[in-house]
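Order of listing sets the numbers, starting from 1, for every ligand and every atom in it. Quick caveat: nothing in here was measured; it's all calculated off a predicted structure.
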Amino acid sequence: MHAVKVELGERSYEILIGAGLEKLGEEMGKLRVGAKVAVVSNPTVLRLYGKTVFASLKAAGFTCMPVEVPDGEQYKTLDWANAIFTALLINTFDRRSPLVALGGGVIGDLTGFAAASYMRGVPFVQVPTTLLAMVDSSVGGKTGVNHPMGKNMIGAFYQPRLVLMDLDALKTLPKEELLSGMAEVIKYGVIWDRELFDFLEKNREKILNLEEGPLGHIIRRSCEIKADVVNKDEREGGLRAILNFGHTVGHAVETLSDYRIRHGEAVAIGMVYAAKLAHRAGLCDARVPERIENLISAYGLPASLSVMKPRPTVAQFMDTIQVDKKAEAGKVRFVLPTKIGGVVITREWGERQLQELLAE
Ligand code: NAD
Ligand code: GLY
């Protein structure tokens with residue numbers, strides 16, 4: 001097991017990487033929280049891991065209540081947050097009663113938002129079971145739900161008290177979900193860490209075969225990088241925006257595909273476009289977009305808009321990018337690579353050039 005610390009003063013917490021789910025009760029016992037725990041999950045994950053999690057919590061003296069939410073992005077809504085509040089109220093959960101999010105990013109975001117809001121904030125523990133949730137969504141405190149007018153539009157920054165990840169859970173994860181998470185790992189290599197990028201190039205087979213050493217290494221490195229960025233800029237005043245590399249175009253791809261294209265797949269496409277834009281702007285040499293595109297393709301991720309059927313028009317694309325919440329003060333924010341391992345954030349450059357690139 002490896003522990004990575006997120007350092008936020010009295011809101012600091014540990015990310016336990018490679019801790020078995022059977023350790024959850026013992027680790028939560030150290031947090032000095034209430035004895036009544038609500039485990040929010042979906043039927044897919046509960047069927048696979050519910051028994052182990054409940055046994056572990058009970059053995060540590062907790063009383064557990066499962067709160068089941070249907071499986072899917074379409075249930076990351078205020079209505080389902082309200083369903084969680086109702087279950088908590090009916091069962092007289094108080095301010096000390098922790099909520100555990102057992103599942104992928106959808107369950108993590110929804111449960112975190114419920115924990116931030118119920119009685120103005122109750123303890124919250126993340127138990128991510130997808131690669132994407134392990135390397136990205138469970139760390140850093142962004143929680144929220146979708147609104148019919150936009151994804152993640154309602155939410156709160158609310159840090160968990162603990163993140164516990166059992167890498168064995170990835171063995172039951174569908175291949176396409178694993179690949180979707182790989183896009184975020186590739187993102188960390190591009191924005192921050194050339195060595196991670198090189199490692200991903202050299203160890204593709206081992207990683208995709210879920211070999212413990214290489215898999216543990218990339219998850220740990222991703223968490224260390226995310227923790228480092230969040231430690232420096234928790235509320236996205238500046239630096240944290242680099243984590244949105246690939247997300248400006250990526251969000252438009254998700255929206256325009258009606259979420260048929262997964263988050264990570266959309267980010268993969270977005271990273272390729274951002275890298276091409278950076279090269280056009282003279283910010284990096286041609287090898288940068290080439291290496292990014294090659295790595296994305298090597299991991300079986302989409303690298304171009306040709307996967308979108310029907311392919312949206314340039315105008316539809318540009319409109320969707322405008323409504324993205326990152327379109328601040330009328331200017332879209334782009335995160336562009338200057339090299340493998342470094343990016344810049346710009347509002348002055350990108351929109352017109354993206355339009356040209358899309359039109360080609
Ligand atoms: P997800 O939560 O929908 O999980 C994907 C699928 O895998 C689901 O069907 C789920 O039931 C299943 N699953 C989960 N764990 C499993 C396991 N171990 N074995 C078998 N099946 C399993 O999707 P995701 O990719 O984990 O998360 C996407 C969400 O994360 C989006 O809503 C996105 O907005 C959000 N997100 C949030 C942040 C953040 O900082 N808060 C960052 C990135 C993404
Ligand atoms: N996933 C982007 C962030 O956490 O800031």
Colleague: For a 4.5 angstrom cut-off between non-hydrogen side-chain atoms, does His263 reach His251?
Modeller: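 The answer is yes, as the side chains (C-beta and beyond) meet within the 4.5 Å cut-off.
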
Colleague: What's the spacing between Glu351 CD and Leu277 CG if we round to 0.5 Å?
Modeller: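 One finds 11.0 Å between CD of Glu351 and CG of Leu277.
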
Colleague: With sequence neighbours left out, which residue pairs that include part of residues 26-54 fulfil the ring pair (Phe, Tyr, Trp, His ring centres under 6.0 Å) condition?
Modeller: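 Non-adjacent pairs meeting ring pair (Phe, Tyr, Trp, His ring centres under 6.0 Å): zero.
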
Colleague: Could you go through Asp285 and Lys339, starting from their C-alpha distance and side-chain angles, then the distance that decides it, and tell me whether this counts as salt bridge (charged side-chain N to carboxylate O under 4.0 Å, His left out)?
Modeller: CA-CA 8 Å; Asp285 67 53; Lys339 59 182 180 178; over 6 Å; no

Colleague: What distance do Tyr299 atom OH and Leu208 atom CG have between them, rounded to the nearest 0.5 Å?
Modeller: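 The distance works out to 5.5 Å.
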
Colleague: Please could you name the atoms of ligand 2 that Asp136 approaches to less than 4.0 Å, counting only its heavy atoms?
Modeller: 1 (N)

Colleague: Residues around ligand 1, heavy atom under 4.0 Å from any ligand atom, sorted by chain and number. Can you pull those?
Modeller: Asn42, Thr44, Val45, Leu48, Tyr49, Asp71, Glu73, Lys76, Gly104, Gly105, Val106, Asp109, Thr129, Thr130, Leu132, Asp136, Ser137, Lys142, Lys151, Asn152, Ala169, Thr172, Leu173, Pro174, Glu177, Lys226, His263

Colleague: Going by the closest heavy atom to atom 5 (O) of ligand 2, which one wins out of Glu236, Lys226, Arg240, Lys187?
Modeller: Arg240

Colleague: In sequence, state the C-alpha distance, the side-chain angles, and the governing distance for Glu236 and Lys142, and then conclude on salt bridge (charged side-chain N to carboxylate O under 4.0 Å, His left out).
Modeller: CA-CA 10 Å; Glu236 202 166 310; Lys142 278 191 182 175; 2.5 Å; yes

Colleague: Is any side-chain N of the basic residue among Arg280 and Glu360 closer than 4.0 Å to the acidic one's carboxylate O?
Modeller: yes

